[in-house]
Amino acid sequence: MAWDVVAMYVALAVWGLTLAWGIRRGGYGPFIIWGLVLLVVLNGRYFIEGPPAGIAFFVGLYDVFDNIGLASNEGAAALATCPDNACTVWDSRYLHHPAWGVAFYERFANATALRTNLLYTHIGLNTIAFLLMHLQLARPGGSSRGGRHRLVGRAWFLALVLGTGAAVWLSSEHSAVEEYGGILAELGFYSMSAFVFVTALIGVRHIRAGDMASHRRWMFRHAGAMWGAFWLFRVMLVFTGPIFREMETVSILLSIWLSAPLGIVIAEMVRRRLDERRTTPEPVPESAPSAAV
C-alpha cells in the first residue's frame with residue numbers, strides 16, 4: 001500500500017471540503033491556503049527525493065483511477081507498463097499506468113544534467129512565483145505599502161520569466177514524445193505558457209501606466225492561468241483518464257490545452273463575484289417604531 005498516496009487523497013478530500021465551504025460562504029481563503037500547501041508538498045518532493053521519485057509519486061496518484069474496472073493484467077490504449085514497475089510508488093497492485101506518466105518518468109529517470117536542471121528551474125521558480133503572486137493579491141500596493149509591493153512584484157516577475165522560460169525550453173522537446181501527443185502537446189504547452197505569461201505581462205503594463213483597476217483585473221486572470229496550469233491540469237486528468245483510456249493521448253491533451261484558459265474563466269467569475277459583494281450595499285434594517293409617549 002502506497003500510504004503517501006493515501007495521505008494525499010485524504011488531504012485532497014479536506015481541500016475539497018474547504019472549496020465547498022468557500023462556495024457556500026463566499027470566502028476562499030482556506031481553499032487557497034490549503035491549495036498552496038499541497039502545491040509546495042507536491043513540488044517539494046522533486047527536490048527532496050529527486051525527479052524520478054517525485055514523478056513516480058505523481059503517476060501513482062492516477063493509477064487508482066485509470067485502473068478502475070480493469071483486471072490487474074488488463075491494459076488500454078492510454079495505459080502502458082514500465083520496467084520493474086519503477087514508474088509508480090505502488091507495488092504489483094497496479095501494473096498499467098497512464099502512458100504520459102510512463103513517458104514522463106522515463107524522460108527523467110536517466111536524463112541529462114541540462115534536462116534535469118531545467119525541470120528544477122521550472123518547478124522551483126514557478127512555485128516561488130505562485131506563492132509571491134498570492135502575497136501580492138492578499139496585500140495589494142498602496143500609498144503605505146507601494147515600495148514593498150513593487151519589490152515583491154519584481155521578484156515575482158523575475159521568477160515567472162525564468163520558470164516559464166524553462167518550461168518553454170522543456171516543451172520544445174515534446175513533439176518527439178508520442179505519449180504526450182507529439183506536436184499537439186508541444187504547441188499546447190506553448191499555449192499554456194503564453195496564457196500564464198501574457199496575462200502577467202498585461203497586468204505589469206497596466207500598473208506601470210498607473211491603472212490600478214486594470215492591473216487588478218489582469219492579475220486575477222494571471223492567477224487563474226497559474227491555478228489552471230497547475231491544479232486544473234491535474235484534477236482534469238483524474239476524470240478524463242478513465243473516460244478516455246481507450247484513446248491514447250486525448251486525456252493529457254485536454255489538460256494541456258484547456259487547463260489554463262479554463263482557469264482564467266473561473267478566476268474572472270470569482271473576481272466579479274467578489275466585486276459585486278464589495279459594491280453591493282448592506283441592507284439597512286428598518287427602524288423599530290418609536291414607543292408612544
Side-chain angles (χ1 to χ4, degrees), residues 5-44 58 61-62 64-66 68 126-140 156 160 191-192 195-196 198-200 202-203 212-244 251-252 254-285:
V5 171
V6 175
M8 180 57 69
Y9 287 159
V10 173
L12 291 171
V14 173
W15 190 36
L17 292 177
T18 66
L19 176 59
W21 183 90
I23 294 173
R24 181 179 178 85
R25 298 296 183 89
Y28 298 96
F31 171 76
I32 291 173
I33 292 172
W34 197 239
L36 293 177
V37 170
L38 293 179
L39 178 146
V40 171
V41 170
L42 283 173
N43 285 352
F58 184 48
L61 292 173
Y62 296 99
V64 176
F65 301 98
D66 285 359
I68 290 176
N126 270 38
T127 299
I128 292 171
F130 212 105
L131 297 175
L132 292 180
M133 171 187 70
H134 285 85
L135 178 62
Q136 294 291 82
L137 289 172
R139 295 175 60 83
W156 153 78
L160 181 72
S191 169
M192 181 188 295
F195 278 116
V196 167
V198 171
T199 51
I202 295 174
M212 293 287 292
S214 295
H215 172 67
R216 178 177 176 272
R217 285 195 295 270
W218 280 99
M219 293 317 297
F220 260 88
R221 292 162 186 165
H222 167 66
M226 290 281 279
W227 274 79
F230 187 86
W231 278 118
L232 270 182
F233 182 98
R234 287 155 174 76
V235 171
M236 285 174 62
L237 288 169
V238 171
F239 300 97
T240 59
I243 294 173
F244 296 108
S251 175
I252 187 66
L254 286 174
S255 281
I256 292 171
W257 280 96
L258 298 182
S259 56
L262 281 176
I264 294 173
V265 171
I266 293 171
E268 184 68 9
M269 293 170 60
V270 171
R271 182 192 65 79
R272 293 187 180 191
R273 182 179 179 184
L274 293 175
D275 288 349
E276 288 174 0
R277 290 177 56 202
R278 179 184 301 177
T279 57
T280 301
E282 293 290 333
V284 178

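Because the structure is a prediction, the values reported are computed rather than measured.
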Exercise. So, Trp218 side chain and Ala200 main chain: donor-acceptor pair closer than 3.5 Å or not?
Worked result: no
For this session: Measure the shortest side-chain to side-chain distance between Ser251 and Ile243 over non-hydrogen atoms and say whether it is less than 4.5 angstrom.
Result: no
Exercise. Nearest 0.5 Å, what's the OG1-CG distance between Thr127 and Asn43?
Worked result: 3.5 Å
For this session: Supply the atom-to-atom distance Trp21 CH2 to Tyr28 OH, rounded to the nearest 0.5 angstrom.
Result: 10.5 Å
Exercise. What are the two closest non-hydrogen atoms of Ser259 and Ala229, and how far apart are they?
Worked result: OG-CA, 4.0 Å
Problem set entry | Side-chain touch Met133/His222, heavy atoms, less than 4.5 angstrom | yes
For this session: May I ask you to decide if Leu61's main-chain N or O and Tyr9's side chain share a donor-acceptor pair within less than 3.5 Å?
Result: yes
Exercise. What are the two closest heavy atoms between Phe58 and Tyr62, and how far apart are they?
Worked result: O-CD1, 3.3 Å
For this session: Would you indicate whether the side-chain heavy atoms of Phe233 and Leu258 approach each other to under 4.5 Å?
Result: no
Exercise. Does Arg271 come within less than 4.0 Å of Glu268, counting only side-chain N to carboxylate O?
Worked result: yes
Problem set entry | Side-chain touch Ile202/Arg221, heavy atoms, less than 4.5 angstrom | no
Exercise answer: donor-acceptor pairs, residues 35-42 side-chain atoms, under 3.5 Å, sequence neighbours excluded:
none

Seminar exercise, completed: Taken in chain and number order and not counting sequence neighbours, the residues that satisfy side chain to side chain donor-acceptor pair (under 3.5 Å) with Ser255 are none
Seminar exercise, completed: Residue pairs passing the side chain to side chain donor-acceptor pair (under 3.5 Å) test with at least one member in residues 226-238, sequence neighbours excluded, are His134-Trp227
Problem set entry | Contact summary for Leu237 and Asp66, nearest pair of heavy atoms | O-OD1, 4.4 Å
Problem set entry | Pro261: partners by side chain to side chain contact (heavy atoms under 4.5 Å, CB included), with sequence neighbours left out | Phe195
Seminar exercise, completed: Those residues at least two apart in sequence (or on a different chain) that pass side chain to side chain donor-acceptor pair (under 3.5 Å) with Ser214 are Asp211, Arg217
For this session: Compare every heavy atom of Ala260 with every heavy atom of Met192, then report the nearest pair and how far apart it is.
Result: CG-CB, 4.1 Å
Problem set entry | Residue pair Asn126 / Val196, side-chain heavy-atom distance below 4.5 Å | no
Exercise. Any idea which heavy atoms bring Ala267 and Gly224 closest together, and the distance?
Worked result: CB-CA, 3.5 Å
Problem set entry | With Phe230 via ring-ring contact (aromatic ring centres under 6.0 Å, His included) - residues at least two apart | none
Exercise. Are Leu12 and Val235 side-chain neighbours, meaning at least one heavy-atom pair lies under 4.5 Å?
Worked result: no
Exercise. At what distance, to the nearest 0.5 angstrom, does CZ of Arg216 lie from CG of Asp275?
Worked result: 4.5 Å
Exercise. At what distance, to the nearest 0.5 angstrom, does OG1 of Thr18 lie from CD1 of Ile32?
Worked result: 9.5 Å
